[in-house]
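Everything on this sheet refers to the single structure shown next.
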Amino acid sequence: MKKILIVNGPNLNLLGRREPGIYGGTSFEDYLPQLRQRFPDVELEYYQSNVEGELINKMQQEGFTAHGIVLNAGAYTHTSVALHDCIRAIKSPVVEVHISNVHTREEFRHHSMISAACRGVICGFGLDSYRLAIEALTMGSEE
């Protein structure tokens, strides 16, 4: 069974309550069972932290054995060279995801420090961005 780690960064623990006009009204904990049902042959592990170093520790811990990592680094997307370096250092491919279309938002959100290290980027499809990332990591790559 393929294992995919889903990593959410700062403030994403507030999904469902935080700016519902941008992020929707569903918490990630409420959405995760839908993902697990849609991908019964994939072990989906979920991790969230508001602390940059904890995100790096988790990715280093799982990033040599997981089939892939879905990463929504939140605001760290735009600031973290350390996450960029972590993604480059691990073996597992990483797909960067964003719930909103960051390119239609504030100017500072238009630049990602981690995109260049990731296999791909998906943004703007709400929580469905996670499904698309899992599909990208599992389709057509039999290992």
Side-chain angles (χ1 to χ4, degrees), residues 1-80 82-84 86-106 108-143:
M1 179 179 281
K2 294 177 182 178
K3 177 180 179 180
I4 294 189
L5 174 65
I6 300 169
V7 176
N8 273 345
N11 301 310
L12 292 166
N13 57 309
L14 299 176
L15 287 176
R17 297 182 290 168
R18 173 189 178 203
E19 300 180 89
I22 295 173
Y23 299 105
T26 304
S27 72
F28 197 83
E29 289 76 10
D30 289 340
Y31 178 65
L32 187 55
Q34 294 175 42
L35 285 176
R36 288 188 169 131
Q37 183 176 6
R38 184 166 186 117
F39 299 99
D41 296 332
V42 177
E43 178 187 348
L44 295 176
E45 181 179 338
Y46 174 59
Y47 182 78
Q48 188 279 327
S49 178
N50 293 318
V51 179
E52 182 180 32
E54 290 178 7
L55 298 172
I56 291 167
N57 287 341
K58 185 65 172 180
M59 290 174 59
Q60 287 180 358
Q61 177 186 358
E62 302 291 337
F64 292 93
T65 57
H67 183 78
I69 297 173
V70 176
L71 173 62
N72 185 339
Y76 291 136
T77 300
H78 318 292
T79 62
S80 183
L83 277 172
H84 172 101
C86 174
I87 294 164
R88 289 245 190 243
I90 61 177
K91 179 183 173 200
S92 301
V94 177
V95 174
E96 175 185 344
V97 300
H98 300 282
I99 295 166
S100 68
N101 182 348
V102 294
H103 302 289
T104 64
R105 298 187 59 198
E106 302 93 339
F108 70 87
R109 296 186 196 275
H110 297 185
H111 179 73
S112 169
M113 297 295 288
I114 64 173
S115 291
C118 292
R119 174 171 286 175
V121 179
I122 298 170
C123 71
F125 295 98
L127 290 175
D128 215 26
S129 296
Y130 294 89
R131 176 190 60 82
L132 295 168
I134 294 166
E135 287 178 0
L137 288 167
T138 59
M139 300 297 238
S141 59
E142 297 302 318
E143 292 180 20

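Between Gln60 and Phe64 the shortest heavy-atom distance is O-CD1, 3.6 Å. The shortest heavy-atom contact between His84 and Ala116 is CE1-CB, 4.2 Å. Among all heavy-atom pairs drawn from Ala133 and Val95, the shortest one is CB-CG1, 3.6 Å. Between Leu12 and Arg18, the shortest heavy-atom contact is CD2-NH1, 4.2 Å.
Each of Ile90, Ile87, Ile6, Leu137 was scored for a side-chain contact (heavy atoms from CB on, under 4.5 Å) with Ile69, with one residue passing: Ile90.
Residue pairs satisfying the salt bridge (Lys or Arg N to Asp or Glu O under 4.0 Å) criterion with at least one member in residues 53-79, sequence neighbours excluded, are listed as follows: Lys3-Glu62, Glu45-Lys58, Lys58-Glu62.
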Checklist entry - Between Asn11 and Tyr23, does a side chain to side chain donor-acceptor pair (under 3.5 Å) hold up when you go through it step by step? => result CA-CA 11 Å; Asn11 301 310; Tyr23 299 105; over 6 Å; no

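Under a 3.5 Å cut-off, the side chain of Ser92 and the backbone N or O of His67 do not form any donor-acceptor pair.
A search for ring-ring contact (aromatic ring centres under 6.0 Å, His included) contacts involving Tyr76 returns nothing, not counting sequence neighbours.
Tyr130 and Phe125 have their aromatic ring centers separated by at least 6.0 angstrom.
The SG atom of Cys118 sits 6.0 Å away from atom CG of Leu71, with the distance rounded to the nearest 0.5 Å.
Judged purely by distance below 3.5 Å, without hydrogens or angles, the side chains of Glu52 and Asn50 never pair a donor atom with an acceptor atom. Looking only at atom types and distance, the side chain of Thr77 has no donor-acceptor partner in the side chain of Glu96 under 3.5 Å away.
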